[in-house]
Protein chains: 2
Amino acid sequence: MTRAATRPPSRNTWQRQAVLRTIEAAGCHLSAEEIHRRARRAGRPIALATVYRTLETFLRTGLVESAHIGDGLVRYGLASDHHDHLVCLGCGQWRPLEGCVVPRPRSALTRGFVVTGHRLELYGYCAQCRGPQGRGEARP
Amino acid sequence: MTRAATRPPSRNTWQRQAVLRTIEAAGCHLSAEEIHRRARRAGRPIALATVYRTLETFLRTGLVESAHIGDGLVRYGLASDHHDHLVCLGCGQWRPLEGCVVPRPRSALTRGFVVTGHRLELYGYCAQCRGPQGRGEARP
DNA sequence: GACAAAATGAGAGCCGTTCTCATTAAGAGC
DNA sequence: GCTCTTAATGAGAACGGCTCTCATTTTGTC
């Protein structure tokens with residue numbers, strides 16, 4: 001199987017490796033600031049602009065995907081085939097859902113709109129944040 | 001009888017009426033800038049800060065809802081019971097889907113995560129943007 | 001009409017992100 | 001291993017959406 005459209009970045013620098021390793025290690029989506037902080041902590045100092053540029057490059061090559069969460073920050077994570085996620089309202093954690101729960105909508109609902117993709121965010125509380133008290137209010 | 005949880009703003013100003021009328025008239029979600037521009041065009045000049053403050057008030061009282069779209073702007077629209085939307089990749093139009101297509105996910109998928117709400121964005125092209133050439137690539 | 005308090009307007013400030021440009025270093029050719 | 005080209009980086013200024021501050025205006029009550 002070829003890499004086809006997702007050709008790798010043309011130069012292999014330690015900064016790019018650091019950014020990719022940071023995202024891989026996280027296991028969930030991170031903001032650019034957070035990637036910057038973690039990459040610095042893990043090794044040599046890297047510029048914030050470089051992190052943004054590297055993320056942009058990775059986005060273009062299809063290596064990572066980006067998404068907005070409620071707080072207005074853009075989060076980055078390893079690209080996956082689908083785009084369904086669990087978002088914890090307690091700690092802000094943003095992690096992929098294993099599997100897709102969105103069926104193809106009936107055309108009567110979309111009324112002339114051609115659907116080419118989707119993104120689903122399921123809000124709630126992770127096991128850690130639920131804690132003993134057990135919250136439960138919904139959010140948009 | 002009490003005013004319940006969604007009590008209206010305490011003072012009725014023409015600025016608040018203008019913002020609400022603008023959102024109602026649009027029929028889809030608008031950015032704060034766009035609401036500001038349309039409200040100005042429709043009547044007296046209103047300050048951008050006032051638009052933001054008014055939207056914040058409306059959000060608190062549950063009159064409107066906010067959401068992020070891919071371009072990083074926050075969009076505002078009349079609050080509805082559910083949160084499924086059609087997003088046109090051509091013109092950026094963001095409008096509610098009539099009805100909900102998201103089933104309750106099986107707990108095996110969410111693994112300890114308690115789901116309290118969701119938001120779905122269906123990407124694609126509206127009838128106007130599809131045009132004669134018929135695009136079709138997907139986006140995250 | 002007088003008064004208190006909420007709401008507004010104008011613009012400065014904040015903060016995440018992008019741009020600019022001099023410098024560095026990856027990778028190709030020899 | 002050395003040289004050369006040019007993509008990539010670092011530092012910090014600039015940008016843009018949004019929020020904050022404070023003097024002024026307006027609403028609703030008495």
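Below, read A as the first sequence line, B as the second, and so on, with proteins coming before strands; counting in each chain starts at 1. Please read all numbers here as calculations on a predicted model, not as lab measurements. When reading the values below, keep in mind they use all heavy atoms of this one structure, side chains included, and skip hydrogens, waters and symmetry mates.
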Nearest-Å distance for atom pair [atom1]/[atom2], residues [X] and [N]:
X: A:R16; N: D:dG10; atom1: CZ; atom2: C1'; result: 14 Å
X: A:H36; N: D:dT9; atom1: NE2; atom2: C1'; result: 12 Å
X: B:R44; N: C:dA10; atom1: CZ; atom2: C1'; result: 17 Å
X: A:I35; N: C:dG16; atom1: CD1; atom2: C1'; result: 14 Å
X: A:R60; N: C:dT18; atom1: CZ; atom2: P; result: 12 Å
X: B:Q15; N: D:dT26; atom1: CD; atom2: P; result: 9 Å
X: B:L20; N: C:dA7; atom1: CG; atom2: C1'; result: 17 Å
X: A:I46; N: D:dT9; atom1: CD1; atom2: P; result: 7 Å

Is any side-chain N or O of B:R11 closer than 4.0 Å to OP1 or OP2 of C:dA5?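 For B:R11, the contact criterion (side-chain N or O under 4.0 Å from OP1 or OP2 of C:dA5) is not met.
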
Kindly say if A:T13 contacts the phosphate of D:dA7, meaning a side-chain N or O under 4.0 Å from OP1 or OP2.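 Result: no.
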
Using a cut-off of 4.0 Å between protein heavy atoms and nucleotide atoms, how would you tag nucleotides 17-24 of chain D 5' to 3' with B, S and -? SSBBB---

Which distance, rounded to the nearest 0.5 Å, do you find between the OH of A:Y76 and the OG of A:S31?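 Rounded to the nearest 0.5 Å, the OH-OG separation comes out at 9.0 Å.
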
With clusters defined by side-chain heavy atoms of hydrophobic residues (ILVMFWY) lying less than 4.5 Å apart, directly or transitively, does B:L30 cluster with B:V19?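 Yes; tracing contacts between hydrophobic side chains, which count when under 4.5 Å, links both residues.
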
Please answer: with hydrophobic residues joined when any side-chain heavy atoms are less than 4.5 Å apart, are A:I23 and A:I46 in the same cluster?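 A:I23 clusters together with A:I46.
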
Are A:E24 and A:R21 close enough for a salt bridge, meaning some N to O gap below 4.0 Å?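 Not counted as a salt bridge, because no side-chain N and carboxylate O are separated by less than 4.0 Å.
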
A:E56 bridged to A:R53 by N-O distance under 4.0 Å: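 Judged by the 4.0 Å cut-off on N to carboxylate O distance, A:E56 and A:R53 do not form a salt bridge.
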
Side chain to side chain donor-acceptor pair (under 3.5 Å), paired with A:H29, selected from A:E65, A:E34, A:R75: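 Single side chain to side chain donor-acceptor pair (under 3.5 Å) partner of A:H29 among A:E65, A:E34, A:R75: A:E65.
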
